[in-house]
Amino acid sequence: VPALLEDRANALSAGITSGEIALELNAASVVWKGKILARLEAGKTILSPRLSLDRWVGDLPKEAGGKLGAALEKWLEKEFAPLEPLRKLERASTSEKAGPELRALLIRLIDEGGMLTRETSELDQLDKTQRGMLANLGVKVGALDIFLPAMLRPGPIKAFRAFVHVHRGSPVASTLDTNMPPTLPAKAQPRPTGYRKLGEQWLRLDMAEKLLREAHGVRVVHARQPFMLDPDLAVSMGLSQSSYALLLRLAGFRSVMPKT
């Protein structure tokens, strides 16, 4: 029986390494066909969970257990490769060159999955050099939000949610729409990750910034004169007129009634 179990473990290791065997992450457990192979345990940071092999794997002969453990570690590394943009921030947050202000902002961005509202970010504490470093790390400083565009995708968000679950011991309160359309209806539900609420709708952060950048460009052209904005781009995103107006007001734009 031990020899048979060892053969099966070796076959499992080979299948995981080649990708022929598909594993699943169920909460904090790595599962294959309903059988728990290992569990993720909280590490020092959100992005550094530890892989703890299930007891039956630990009871395998040393060589077979080592192979399976190594295969699981490689699978985990590949599974969470989409989080590399956040890991890049984590590495920068330990650099003395960043300075305390930027390090503090990076740590907050990591804790929030690469997304913060600008008003709570304390961005004004950064000097010109630190802002340049932030941009070089791939962080977008928008009119209303600061975010990592690379994290506004289902894969990275799903991976981060799993790590948060492990680190904090409870599921993430926000929801994830795997299609991540530009807009979503603001129903009675937790905030979808990567969106900003605008009245009766949620608008994805990068789409909000795209609209505001367009509006700002029009304002620059007209200097201090009143101007009109073409709502076509907002409409193409599925944004209602009232939601679009709210977005503009939040960014400092104000409507002016034409003189009669």
Side-chain angles (χ1 to χ4, degrees), residues 82 85-86 89 105 108-124 131 134-135 138-161 164 171-260:
L86 279 184
L89 299 193
L105 176 55
R108 291 191 60 207
L109 275 169
I110 294 164
D111 287 345
E112 297 299 326
M115 306 166 205
L116 283 175
T117 61
R118 182 163 178 162
E119 63 183 358
T120 64
S121 67
E122 297 187 353
L123 180 71
D124 57 349
R131 290 191 181 219
L134 188 65
V139 177
K140 177 71 176 179
V141 176
L144 299 178
D145 300 283
I146 297 176
F147 58 94
L148 267 173
M151 288 297 296
L152 289 176
R153 300 169 186 165
I157 291 176
K158 182 180 178 181
F160 181 73
R161 288 164 62 88
V164 170
V172 179
S174 60
T175 59
L176 170 62
D177 186 298
T178 54
N179 294 316
M180 292 200 72
T183 59
L184 288 168
K187 300 176 181 177
Q189 60 179 1
R191 176 182 64 86
T193 302
Y195 288 77
R196 167 177 280 275
K197 189 175 183 182
L198 297 170
E200 299 299 316
Q201 291 181 289
W202 297 102
L203 178 63
R204 211 171 68 209
L205 300 184
D206 54 341
M207 295 295 100
E209 180 56 24
K210 186 174 184 179
L211 288 171
L212 293 177
R213 189 168 61 247
E214 180 188 61
H216 178 71
V218 175
R219 179 165 59 182
V220 169
V221 170
H222 288 80
R224 296 180 178 275
Q225 300 300 314
F227 57 90
M228 293 185 63
L229 292 174
D230 187 342
D232 284 355
L233 181 58
V235 171
S236 71
M237 296 178 184
L239 200 62
S240 68
Q241 182 177 348
S242 60
S243 295
Y244 183 39
L246 177 54
L247 174 68
L248 294 171
R249 287 199 299 272
L250 289 173
F253 291 87
R254 61 188 181 89
S255 60
V256 178
M257 297 298 293
K259 295 181 180 180
T260 57

Compare all side-chain heavy atoms of Pro149 with those of Asp206 and state whether any distance is below 4.5 angstrom. no
Flag this pair as yes if the NZ/CZ of Arg219 is under 6.0 angstrom from the six-membered ring centre of Phe227 and inside a 45 degree cone about the axis; otherwise no. no
If I take atom CD1 from residue Ile157 and atom CG from residue Leu176, how far apart are they, to the nearest 0.5 angstrom? 5.5 Å
Heavy atoms, side chains only, cut-off 4.5 Å: are Val139 and Phe147 in contact? no
Do other residues, nucleotides or ligands put more than 12 heavy atoms under 6.0 Å from the CZ atom of Arg213? yes
Shortest non-hydrogen contact from Pro85 to Ala150? CG-CB, 3.7 Å
Could you verify whether a donor N or O on one side chain and an acceptor N or O on the other, from Ser243 and Glu200, lie under 3.5 Å apart? no
Once rounded to the nearest 0.5 Å, what's the spacing between atom CG of Leu116 and atom CG of Leu123? 10.0 Å
Between Gly114 and Leu86, what is the shortest heavy-atom contact and its length? N-CD2, 3.7 Å
For a quick test of reading the model, state the closest non-hydrogen atom pair linking Gly199 to Leu246 and the distance between them. N-CD2, 3.4 Å
What distance do Leu212 atom CG and Phe253 atom CZ have between them, rounded to the nearest 0.5 Å? 6.5 Å
Whether the side chain of Asn179 engages the backbone of Pro181 through a donor-acceptor N/O pair (distance < 3.5 Å, no angle test) should be reported. no
Is Thr183 reaching over with its side chain to a backbone N or O of Met237, donor-acceptor style, under 3.5 angstrom? yes
With distance as the sole test, does Glu209 use its side chain to make a donor-acceptor pair with the main-chain N or O of Leu144 at under 3.5 Å? no
pair Leu148-Lys140: side-chain heavy atoms closer than 4.5 Å: no
Distance-minimising heavy-atom pair for Gly194 and Leu152: CA-CD2, 3.6 Å
Looking at Trp202 and Pro185, what are the two nearest heavy atoms and their distance? CD1-O, 3.4 Å
Less than 4.5 Å apart, side chain to side chain, heavy atoms only: is that true for Arg204 and Met180? yes
Is there a side-chain contact between Tyr244 and Leu203 (heavy atoms, below 4.5 Å)? no
So, does Arg108 use its side chain to make a donor-acceptor pair with the main chain of Thr120 at under 3.5 Å? yes
Beyond-backbone contact of Glu214 with Asp230, side-chain heavy atoms, under 4.5 angstrom: no
Spacing of OG belonging to Ser240 relative to CG belonging to Leu247, to within rounding of 0.5 Å: 10.5 Å
Do the non-hydrogen side-chain atoms of Met151 and Phe160 ever get within less than 4.5 Å of each other? yes
Nearest-0.5 Å distance that lies between atom CG in Asp145 and atom CE in Met115: 10.0 Å
Side chain of Arg118, backbone of Gly142: donor and acceptor closer than 3.5 Å? yes
dist Leu250:CG -> Glu119:CD (nearest 0.5 Å) comes out at 9.0 Å
Is there a side-chain contact between Leu239 and Leu211 (heavy atoms, below 4.5 Å)? yes
Tell me, with the steps shown, if Tyr195 and Leu205 meet side-chain contact (heavy atoms from CB on, under 4.5 Å). CA-CA 5 Å; Tyr195 288 77; Leu205 300 184; 5.7 Å; no
